[in-house]
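One structure is given below, encoded as structure tokens.
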Amino acid sequence: MSTWADESEEHFQPAPSSHTGERPKLNLKPRSQAAPTQTKTSNSSIFGAAKPREEVLQSKGIDPKDVEKKVERKASIVRLTGEKRAEVSNNTVAQQLDIESLSHVFGCADCIL
């Protein structure tokens with residue numbers, strides 16, 4: 001019975017006797033050009049020339065604390081999705097109808113609750 005391992009062994013050639021199991025030493029040629037030198041080593045940054053937001057705002061004459069307050073105020077505003085907006089609108093209409101029906105029951109059509 002033949003298996004794939006048996007067939008592959010037929011084409012197997014043993015390693016030459018000079019092979020020691022180590023990789024041959026890599027022989028590199030000398031550099032053809034000098035390595036580029038880095039001119040800006042002391043002040044290089046992963047952010048490039050970007051500055052902190054506070055510095056940019058101050059250079060424009062804007063108080064960063066005021067901007068932060070506006071951002072926080074905007075973030076705290078509750079924004080309703082379409083479903084919630086419809087639900088609130090329906091509740092408001094229902095409440096208005098309840099107020100009108102109660103004012104008719106108590107005979108006070110001009111009453112403001």
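Numbers for residues simply follow the sequence, beginning at 1.
Within the structure, side chain to side chain donor-acceptor pair (under 3.5 Å) pairs that include any residue of residues 56-65 do not occur (at least two apart or interchain).
Evaluation of the side-chain hydrogen bond (donor to acceptor under 3.5 Å, both in side chains) rule for E68 yields R53 as partners, not counting sequence neighbours.
Grouped with V56 in a hydrophobic cluster is no other residue, since no side-chain heavy-atom contact under 4.5 Å to another Ile, Leu, Val, Met, Phe, Trp or Tyr is found.
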